[in-house]
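Quick caveat: nothing in here was measured; it's all calculated off a predicted structure. All chains are named by letter (A, B, ...) in the order of the sequence lines, taking the proteins before the strands, and each is independently numbered beginning at 1.
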There are 2 protein chains.
Amino acid sequence: MQITRQTDYAIRCVLYLSRMRERVVVVDDIAVIMDIPKSFLAKILQRLTKAGIVKSSRGIKGGFQLAKNPRQISLLDIIEAIQGPAGMNRCAINKDICRFSKTCTVHPVWVELRQKVEQHLKKVTFQKLIKLK
Amino acid sequence: MQITRQTDYAIRCVLYLSRMRERVVVVDDIAVIMDIPKSFLAKILQRLTKAGIVKSSRGIKGGFQLAKNPRQISLLDIIEAIQGPAGMNRCAINKDICRFSKTCTVHPVWVELRQKVEQHLKKVTFQKLIKLK
DNA sequence: TTTAATTAAGACAATTATTATCCTATTTTA
DNA sequence: TAAAATAGGATAATAATTGTCTTAATTAAA
Ligand code: SF4
Ligand code: SF4
């Protein structure tokens, strides 16, 4: 039902990177400014990197920056990168996990709802989120 | 993000009771037919009883039955009775838990989404769910 | 070429949430 | 009074989440 704290951290983090535009920033800065435990954030950034949302560079002068335009990153992208599909019930993600799914009349509700939620989240880009209004 | 197994069990259970109309049924029957661990189900039924969704009677000839017309029970009712509010992020339920909420531009998204999801779930009554189609 | 700063990766610990069971008490009807 | 049912509480088992730590690899600058 809820996104995890980790996902919220990831969103804060990408929000910050979006505000920083092209600039490279280090984990420590994001952690302090966005109030995220530093080494936990480091893990989160690894996942965001693998998902192609941010890019990293190592060594002195290294750090993180967005891998794409904030217009091309949605809340859904972050959620899926960190938590996986946004289904409200397991059967909306994989209907085979439940032996009732073939006849269950509730099952389609979860499928519809998943679509609705995904549509909504896909529309919320970080472009929009940084233009506070 | 997801409803818990317990909530799914609760829904199955109310679905079964809806099909049974006025009849009183015992925990064991629901457990077997709906494939729910019996003593876990007993707990769930307690919560549904406290929430006024089902009513219980003790002793021989005792058991459970719906406390209202299936038309008056929605999926949202069950979810709220078992899991609490259907917010996708903690701040959509209580904005004070996050020190950013006053200025955060993501916060309103969770609030809107919560409304949208609740609206959707409120419309799905057990009346509709038992009329398979 | 060495050093310092940085991320990558993996193991692991701590905490919290979920799922499940069990025992005893209470209620009710036959 | 006995049997059949739920109520309530304690508690165990499992799984998920959150968080930390250590070591390795990379890079730029001194
Ligand atoms: S019972 Fe129906 S809703 Fe619940 S998991 Fe199975 S298919 Fe999905
Ligand atoms: S950071 Fe924004 S979205 Fe995340 S919890 Fe705080 S207010 Fe809600």
**OP:** Looking at every strand, decide which applies to A:Lys55 at a 4.0 Å heavy-atom threshold: base, sugar-phosphate, or nothing.
**Re:** nothing
Subject >> C:dA20 OP1/OP2 closer than 4.0 Å to side-chain N/O of B:Tyr9 >> reply: yes
**OP:** Go through C:dA20, C:dA9, D:dA5 for me and flag the one nearest to the B:Phe40 side chain.
**Re:** C:dA20
Subject >> Spacing of B:Ile44 atom CD1 relative to D:dG8 atom P, expressed in whole Å >> reply: 16 Å
**OP:** Using only side-chain N and O atoms of A:Ser56, determine if any of them is under 4.0 Å from OP1 or OP2 of C:dA8.
**Re:** yes
Original post:
5'-most contact on DNA chain C: B:Gln83 or B:Leu41, nearest heavy atom basis?
Top reply: B:Gln83
Original post:
Closer to the 5' end of DNA chain D via nearest nucleotide, is it A:Lys61 or B:Gln46?
Top reply: B:Gln46
**OP:** Using whole Å, report how far CG of A:Leu45 lies from C1' of D:dG19.
**Re:** 15 Å
Original post:
Where the side chain of A:Ile60 is defined as all heavy atoms beyond and including C-beta, which of D:dA28, D:dT6, C:dT6 is the nearest nucleotide?
Top reply: D:dA28
Subject >> Length of the CG-P vector between B:Asp28 and D:dA5, whole Å >> reply: 8 Å
**OP:** Can you figure out which of C:dA8, D:dT20, D:dA10 approaches the side chain of B:Lys43 most closely?
**Re:** D:dA10
Subject >> Gap separating the CG atom of B:Leu129 from the CG atom of B:Leu15, nearest 0.5 angstrom >> reply: 6.0 Å
Original post:
Can you tell me how far P of C:dT18 sits from CG of A:Asn89, to the nearest Å?
Top reply: 14 Å
Original post:
How many angstroms lie between atom OG of A:Ser56 and atom CG of A:Leu45, to the nearest 0.5 angstrom?
Top reply: 9.0 Å
Subject >> B:Gln6 CD - D:dA15 P separation (whole Å) >> reply: 17 Å
Original post:
How is B:Ser39 classified with respect to the nucleic acid when contacts are heavy atoms under 4.0 Å: base, sugar-phosphate, or nothing?
Top reply: base
Original post:
Could you give the CZ-to-P distance, from A:Phe64 to D:dT27, as a whole number of Å?
Top reply: 14 Å
Subject >> Check: B:Lys95/B:His107 side-chain N/O donor and acceptor closer than 3.5 Å >> reply: no
**OP:** Could you check how far CG of A:Asp35 sits from P of D:dT18, rounded to whole Å?
**Re:** 15 Å
Subject >> Side-chain donor/acceptor of B:Asp77 to backbone N/O of B:Ser74, under 3.5 Å >> reply: yes
**OP:** Please determine, for the side chain of A:Pro37, which listed nucleotide (D:dG19, D:dT18, C:dC22) has the closest atom?
**Re:** D:dG19
**OP:** Please confirm whether the backbone N or O of B:Val14 pairs with a side-chain atom of B:Ser18, one donor and one acceptor, at under 3.5 Å?
**Re:** yes
**OP:** Take the protein atom CZ of B:Arg47 and the nucleotide atom C1' of D:dG8, then report the distance between them rounded to whole Å.
**Re:** 14 Å
**OP:** Report yes if at least one side-chain N or O of B:Ser57 is closer than 4.0 Å to OP1 or OP2 of C:dT27; otherwise report no.
**Re:** no
**OP:** Measure distances between side-chain N and O atoms of B:Arg5 and base N and O atoms of C:dT18, and say whether any donor-acceptor pair falls under 3.5 Å.
**Re:** no
Subject >> side-chain N/O A:Thr49 vs C:dT7 OP1/OP2, d < 4.0 Å >> reply: no
Subject >> side-chain contact (heavy atoms from CB on, under 4.5 Å) evaluation trace for A:Lys38 with A:Val27 >> reply: CA-CA 7 Å; A:Lys38 177 186 151 182; A:Val27 175; 4.1 Å; yes
